Structure formats: C-alpha cells, structure tokens
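In what follows, a structure is listed as structure tokens, so that the remarks can point back to it.
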Amino acid sequence: MPSYRALLRTPEFTPLFLGSAAQTAAQTVGGLALGTLVFRATGSPLLSAVSMFGPSLAQVLGATFLLSGADRLPPRTALWAIALAFAAGTAVQALPGLPVGAVFAVVLALGLVASLGGGVRWGLLNEILATEGYLTGRSLFNMVNGLMQITGFATGGALLTVLSPRTCLLLAAALYLTAALVLRLGLSARPPRATGRPSASATRRTNAVLWSSRPRRLTYLGLWLPNGMVVGCESLYVSYAPHAAGTLFACGALGMFAGDVTVGRLLPAAVRARLATPLLLLLAAPYLVFGAHPSVPVAAVCVTVASVGFGANLVQQERLMELTPGELAGHALGLHSAGMLTMQGTSAALAGAVAQLASPAAAMTAMAAGSVCVTLVLATAARRTPVRPAPEPAPERTPS
C-alpha cells in the first residue's frame, strides 16, 4: 500500500486533491449559510434540511439519464465545468429578494449537474493511481475532506455570527471558482475512458449490468441506506441547535476524519474487511441518545463518536472495486455516489417532515433506529451470498 507522500508525488493527484478540497470547503460554508438563510426565512426544519441536502435528491435523475458521461466525457473538462456551474449557482442563491421557490429550483439544478461529479472524479482517481493505490488515495481524500468540513463548518458558523448568510454564500461561490481554476490548470487533457456518446440508454444498460450481481447489489445498498439515514439525522442540526449547528457539523467531520485515518491507514486488510457491519452500527447507535434531548455538549460527543462509523464507506468501496470490471469503474463509482447522495437527500426530507410533525430529536432517533435495522438486515443477507459473483459481460458500447 503506497504512502500518502508517494501519492502526492503522483502526477495529477495533487491538483485533483486540492480541487476536491476547495469544493468541500465551498459546500460546507455554502450549505450551512443556505440552511440558515432558509430557516430564518421560514422557521421550517423541513425546508432548512432540504435546502442543505436537496441537491442530493436530483442525483437519482442523473444516475438514470446522465451517468454514462462519467466514463464518456473528458475528465478535466467535466470536472472544472461542474465546479464553475456550482460557483454560478451559489452566487445566484445569494441574490437579495430571491424567492424560496427559486432557491430550491437552483438547488435541484445543481444536484443534477453534480450527479456526474462523483463518477468522473473517482473514475479519474482510479485511473491516476494503480489499483493498489485507490483505497489509500480515497482515504486521503476523505481525511482532508473531513478536515475541510471541520474548518468549513466552524468557519461558516463563526462567519454567520458577523456576516449575513448571503455574504457567506458569495464566499462559497468564490471557493467553487477557485476549485474550477485549480482543476482546469492542474489536470492534463485526457480522453474519455470509454467510447461512445453519453446517453440515457447507455446509462441504463450499464446500470443494469452493475445491478445484475447480487453481491454488488448488497454492497450498493450498504453504501446507500445506513449512511443516508444517518445523514437525515445530520440534516436536523440547524433546527435542533440553531446556535450550535456549526459545532455539531464540525464534530461530525472530526469523527469522520478519525474513522478514515483508522480504516485507511492503520488497519490491515484482513481486519478491515470484517468491520463494515460494526462500523455501520457505530454510525447510527449514538444518535439513539437524542431521544432524551441531550444538551449540546453531550450531543457533540455522540455526533463525534457516531461519525467514526463513516469509515465503513472505505471498506465497502474497496469491496465494490473488487466486484467491478475495470472498464466500468467510473460508472460504478458514480452510481455509488449518486445513489448515496440521493438517499441522503431523501432521508433529509423524510427527517425534516418527521421533525415538522414531532420534534428534531424524535426524528433523529427514528432515523437512527431505521439505520440500525437496515444494517442488520443487509448483514444477514450478505452472509447468505457467495463471496464473488459469476463472470459477466461488459455492456455494449455505442460507437461514437
């Protein structure tokens, strides 16, 4: 397994890494600002949660119609264009007097654009690094993204005490623009990984191939469902503790950082492979404490401990790559990213609706209990599944 220092010496890894970090910082500052803006305007936990995680809801459309572009578009062009679109969309959200309906229209449009981002980014990472370097590279991305989330949420929370949410949105737009420039200038022009034009039919065919394997199906469901339901808990931080939401988000990012370091660098492969289910249970169980309406300090401890469980994602992604043909890596990782974000957005909307009817604490407890149940069901199904699927043909390629 290569060291982090060796990865940073790999051509093109560093600009992809820095561009992703800048986008994460922009997303945290901008998301917290937008959630606060909508909550102040409406007083609605549902609308606040959806404003922060709403882009994820559009991922299902991208996964259905656009995802073939993850392997069929030039990576550099796709990545910097996506970052530029987010810079423009975030700036539009900062316009004074913009109706809440228009804000959500922009949120969903950006989610549709973002549906390509995960597949293109992680497919390019898999291309830049050797096969044995992907897990280490993804671990480093996750660690730094966690640090950027800690910094972004802490900074965003501090800025919101002295600046308006709209000003913070403009700062986030500037960060997205910075990411676009880093990606455009730092990456080299590469041809698409697959031939043919992106199309809805090509997307559906490849999705069908990926979904046809029972081990991959269970791996995808494990990546999407428990994780997404816990993000539903996170989406209620603003309404649970309006003046300490930045602190809770930062604590969550700190826990995620610790989990990624432990899983990505400290655990041997034989141990790591057995930890997916325990980590997913850890991810949800501490949120059950919210049923007792804990104080902010206790809530912060629960959030930090729970977020260590996000390290399960690395274990499951490693499993997914073992089960997937190399020529479908970008599409497979894009389907993982789109499905995960779709479930996160759906869970945020569901959690917000429950909080609207009951309370944020009750909704967080219900989502955590659901995550525990889903994890146990998937673990039981996995024990009855062969280790590896039978060989399968690649999907047909449409000539360009």
Side-chain angles (χ1 to χ4, degrees), residues 17-41 48-49 51-56 83-84 86-96 103 106-107 110 114 117 140-183 231 233-261 296-297 299-304 306-308 310 344 348:
F17 175 72
L18 294 177
S20 176
Q23 286 179 280
T24 300
Q27 182 180 4
T28 53
V29 172
L32 184 58
L34 187 62
T36 302
L37 178 68
V38 171
F39 188 68
R40 289 179 183 177
S48 174
S51 68
M52 293 187 69
F53 294 91
S56 304
L84 193 61
F86 265 83
T90 304
V92 168
Q93 290 172 331
L95 292 175
V103 169
V106 174
V107 164
L110 290 179
L140 184 57
F141 267 78
N142 289 356
M143 287 165 51
V144 173
N145 283 348
L147 288 175
M148 295 308 297
Q149 287 180 17
I150 295 170
T151 304
F153 284 127
T155 303
L159 289 174
L160 285 168
T161 64
V162 295
L163 299 175
S164 70
R166 287 189 170 86
T167 301
C168 293
L169 283 170
L170 291 176
L171 292 175
L175 286 170
Y176 278 123
L177 182 59
T178 300
L181 291 173
V182 169
L183 294 168
V231 170
C233 300
E234 294 181 341
S235 72
L236 297 176
Y237 291 168
V238 171
S239 53
Y240 182 82
H243 302 295
T247 298
L248 294 179
F249 278 116
C251 288
L254 177 63
M256 184 172 65
F257 175 82
D260 286 333
V261 171
V296 169
V301 172
C302 292
V303 166
T304 304
S307 297
V308 173
F310 279 116
Q344 290 177 0

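Small disclaimer: the values here were computed from a predicted structure and weren't measured.
- Distance CZ/F86 to OH/Y176: 5.5 Å, rounded to 0.5 Å.
- Ring orientation note: the planes of F17 and F141 are nearly perpendicular, at an angle over 60° on the 30°/60° scale.
- In this structure, the side chains of L37 and Q93 stay at 4.5 Å or more apart for every pair of heavy atoms.
- Taking the side chain as every heavy atom from C-beta outward, T90 and L175 never approach each other to under 4.5 Å.
- Counting heavy atoms from C-beta outward, L160 and P165 have side chains that approach closer than 4.5 Å.
- Looking at every heavy atom in both residues, A244 comes nearest to V296 through CB-CG1, 3.9 Å.
- Taking a 6.0 Å sphere around CD of E234, one finds it holds more than 12 heavy atoms contributed by other residues, nucleotides or ligands.
- Between A33 and C168, the closest heavy-atom pair is CB-CB, 3.7 Å.
- Of all the heavy atoms in L177 and A87, the pair that sits closest is N-CB, 3.8 Å.
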**Asked** For L32 and V238, what are the C-alpha separation, side-chain angles and deciding distance, and is it a side chain to side chain contact (heavy atoms under 4.5 Å, CB included)?
**Response** CA-CA 8 Å; L32 184 58; V238 171; 4.3 Å; yes
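- Across S51 and G35, no two heavy atoms sit closer than the pair OG-CA, 3.4 Å.
- Atom-to-atom distance recorded for L171:CG and R166:CZ is 14.5 Å, nearest 0.5 angstrom.
- Between F153 and A250 the shortest heavy-atom distance is CB-N, 4.0 Å.
- Atom OG in S20 sits 10.0 Å away from atom CG in L140 (nearest 0.5 Å).
- Here the straight-line distance linking atom CG of L248 with atom CG of L236 works out to 11.0 Å at 0.5 Å rounding.
- Paired with T167 under the rule side-chain contact (heavy atoms from CB on, under 4.5 Å), one option of L169, L163, L170 passes, and it is L163.
- Side-chain atoms of S307 come within 3.5 Å of backbone N or O of G252 as a donor-acceptor pair.
- Across D260 and F310, no two heavy atoms sit closer than the pair OD1-O, 4.4 Å.
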